[in-house]
Each structure stands twice: as structure tokens, then as C-alpha cells.
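I have placed the structure first, in the form of C-alpha cells, so that the comments after it can refer back to it.
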Amino acid sequence: MGHELGWGRHYLAVEPTAFRVDYVINPFMHLDAQPVAEFARAQWDGLVDTLRGLGATVDVLPQRPDAPDMVYAMNLGLGVVRPDGEQHVVMSHMRYAQRRMETGSAQPWFAARGWSTSYVGRDSIGAHFEAGDAFAFGDALVVGYGPRTEELALKHLATDLGTRVRGLRITHPGMYHLDLAFCPLDDRRALVCPAALDDASAQALLDLVPEPLVLTEEEALTTFCANSVVVGRTVVMPACPDRVRAQLEAWGFDVVIVDVSEFHLGGGSIRCLTNPVDLTIGRDLPAVPGGEVVLPPV
Ligand code: ARG
């Protein structure tokens, strides 16, 4: 039996008051397939209620009317608690200009609550980083790069946070953030879809997870099942193939399904809608003064 994740009990989410598909920046988005606002709102309420019902705290940030993808709060930035207790967030620097203004609303929200903030790049200058690519697992911050986050960002993250960063090269256009292909479950287990990554990175990820639950490309792409969140031993999922559920239950997890299908029209699901703000360096991530980046062989 693995130990529960130390993080995942406190989230930031963005209230979906302006969720639309206004542009196409991933293979799931189509201008002629628009979400229905009241369905999206009800699904989002269901997700927040479920997380709160499991004992998690969910803070809510208003959505900018001009930022339809801001509902995917995971991409606003990567928050950590430093060893001295300081709360710090590295703001995302979105790959696509259509999302860059989101950070401008998120940064003041964090700052007003006492978080210090930094950037790996901003306003189209410097490295791109999208926080949906970053997870604490094993001995490192595991960061996917390629479609969204750039390799240069990994060095900045390692130095800024004072931790070890393990980079994974994402090659699948449909799994453009690591959180569409990877979901830590506890300290030994995770959902892993190797098809998202090049061969060396897939092997590196499988080597890092003592007990991986390997997803097929089809399972990950058609159900968004890797885009889930874990509160204690409960996995909150948008859908769960029977095979995956059987393994999760055999490991002692409870599976709770929350329908967020309206948000799949924008290419994101449960993990994308929630941003854990309780990652702690020294507990969930190693303190490595000066930082360190480990990349798989080319
Ligand atoms: N439409 C958004 C985008 O392409 C979806 C973001 C999904 N978020 C995530 N963490 N995978 O940026």
C-alpha cells in the first residue's frame, strides 16, 4: 500500500461565467461545437461540491470575460510552499497569445493573499511554461515539455524553486499537457499513458513510477481519464474504463465520477479545472539548492 499524496487538499478553480470555444489551439476544440453555459455551470458546481464533500478546500477566482479558457485553472501557475513556509507561485507563460492575459488576473489574486510570484517568461518574451505540465512525483517535479512548455523553462523552474526537475518530452499532439497522460495516485502509483511521450521519456516515466497503471492512447484520449484528481484515497474522474476501475479498486481507491463533458469541448477535464496550491517543497518535492534538471537521453 502506498502512502497518500501530501498535496491535493486545497485547490484554486475559476468560476465558468465566460467559457466558450473562441479559437482552436488543441485538437479537441472546434468553433462549431460550443458548450452550453448552464450545463457547464452545473457540471462545474458538481465538481466543486464533490471536492468539498471529500474534505478539500476550493478557492474560487472570477473568470475574465475576455478569457474563455481561463476556466482551466491548472494552467494559471504552479504554486508551492517553500521550506521556510513562504507561498510562492511561478506564473504560467502561455504558449498561445489567446491565453496570455489570464495570468494578468491570476497574479494579483495570489499576491493579494500573500503569495510571492515569479515568471519564467512573460508577454511573449522568454520561455513558455504551462503549469498543467508539472507534477510532484517521486524525487522530482516532473514536467512535460514540447507542445506547450519549452525545455528552457525547466531550468528556470529548478533554479527558482530549488528542486529537481525531471523533463519528459511530449510528442502526441492530443496530449499536449502532461496532465492528459499522467495522474499521480499515491507515492508509488500513477496513471500513465506512455503514448504521449517519446520512447526515452516514456521509459523514464515508467522507471519513476513503482506501480504504473498503464493507459492506452485510446483510453486517455477518448475518456480524459488521466485528467483526474486525487483527494486522499478517492480518485475524482470524468470517466473510468472498467479495466482501470478494477485496478484502482483493487489498490484500495474509491472512484467518483463527475461529468464535466462540456469542458471537454475546450480540451480539458477535471485536473485542468482545478489547481492544487498545497504542494510543499521538502515534503512533496525535494529541496535541491540551486536546482537540478534531469532529461531523458535523446
Ligand atoms: N483550451 C485549453 C488549452 O488548449 C485547454 C487547457 C487544458 N488544461 C490542461 N491542464 N490540460 O490551453
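Because the structure is predicted, anything quoted here is derived from the model rather than measured. One-based numbering, in listed order, for ligands and for the atoms of each.
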- prompt: Partners of R99 by side chain to side chain donor-acceptor pair (under 3.5 Å), sequence neighbours excluded?
  reply: N75, E102

task: For the pair F110 and W115, name the ring-plane relationship: parallel under 30°, tilted 30 to 60°, perpendicular over 60°.
output: perpendicular

query: Which word best sums up how the rings of F182 and F135 line up, parallel for under 30°, tilted for 30 to 60°, or perpendicular for over 60°?
result: perpendicular

What does the N/O contact table under 3.5 Å look like for ligand 1?
residue  : atom   : partner : partner atom : Å
ligand 1 : 1 (N)  : N26     : ND2          : 3.4
ligand 1 : 1 (N)  : D69     : OD1          : 3.0
ligand 1 : 1 (N)  : D69     : OD2          : 2.9
ligand 1 : 1 (N)  : G266    : O            : 2.7
ligand 1 : 4 (O)  : N26     : ND2          : 2.9
ligand 1 : 4 (O)  : R148    : NH1          : 3.4
ligand 1 : 4 (O)  : R148    : NH2          : 2.8
ligand 1 : 8 (N)  : N75     : OD1          : 2.9
ligand 1 : 10 (N) : N75     : OD1          : 3.3
ligand 1 : 10 (N) : D179    : OD1          : 3.4
ligand 1 : 10 (N) : D179    : OD2          : 2.7
ligand 1 : 11 (N) : H177    : ND1          : 2.8
ligand 1 : 11 (N) : D179    : OD1          : 2.8
ligand 1 : 12 (O) : R99     : NH1          : 2.7
ligand 1 : 12 (O) : R148    : NH1          : 2.8

Validation: residues 220-230 side-chain donor-acceptor distances under 3.5 Å, sequence neighbours left out:
residue : atom : partner : partner atom : Å
T222    : OG1  : E218    : O            : 2.7
T223    : OG1  : E219    : O            : 2.5
T223    : OG1  : C225    : N            : 3.1
N227    : OD1  : S269    : N            : 3.0
N227    : OD1  : I270    : N            : 3.2
N227    : OD1  : R271    : N            : 3.1
N227    : OD1  : C272    : N            : 3.1
N227    : ND2  : D179    : O            : 2.9
N227    : ND2  : D179    : OD1          : 3.3
S228    : OG   : C225    : O            : 2.7

field: W109 six-ring centre to R113 NZ/CZ under 6.0 Å and within 45° of normal
entry: yes

field: Members besides F39 in its Ile/Leu/Val/Met/Phe/Trp/Tyr cluster (side-chain heavy atoms under 4.5 Å)
entry: V36

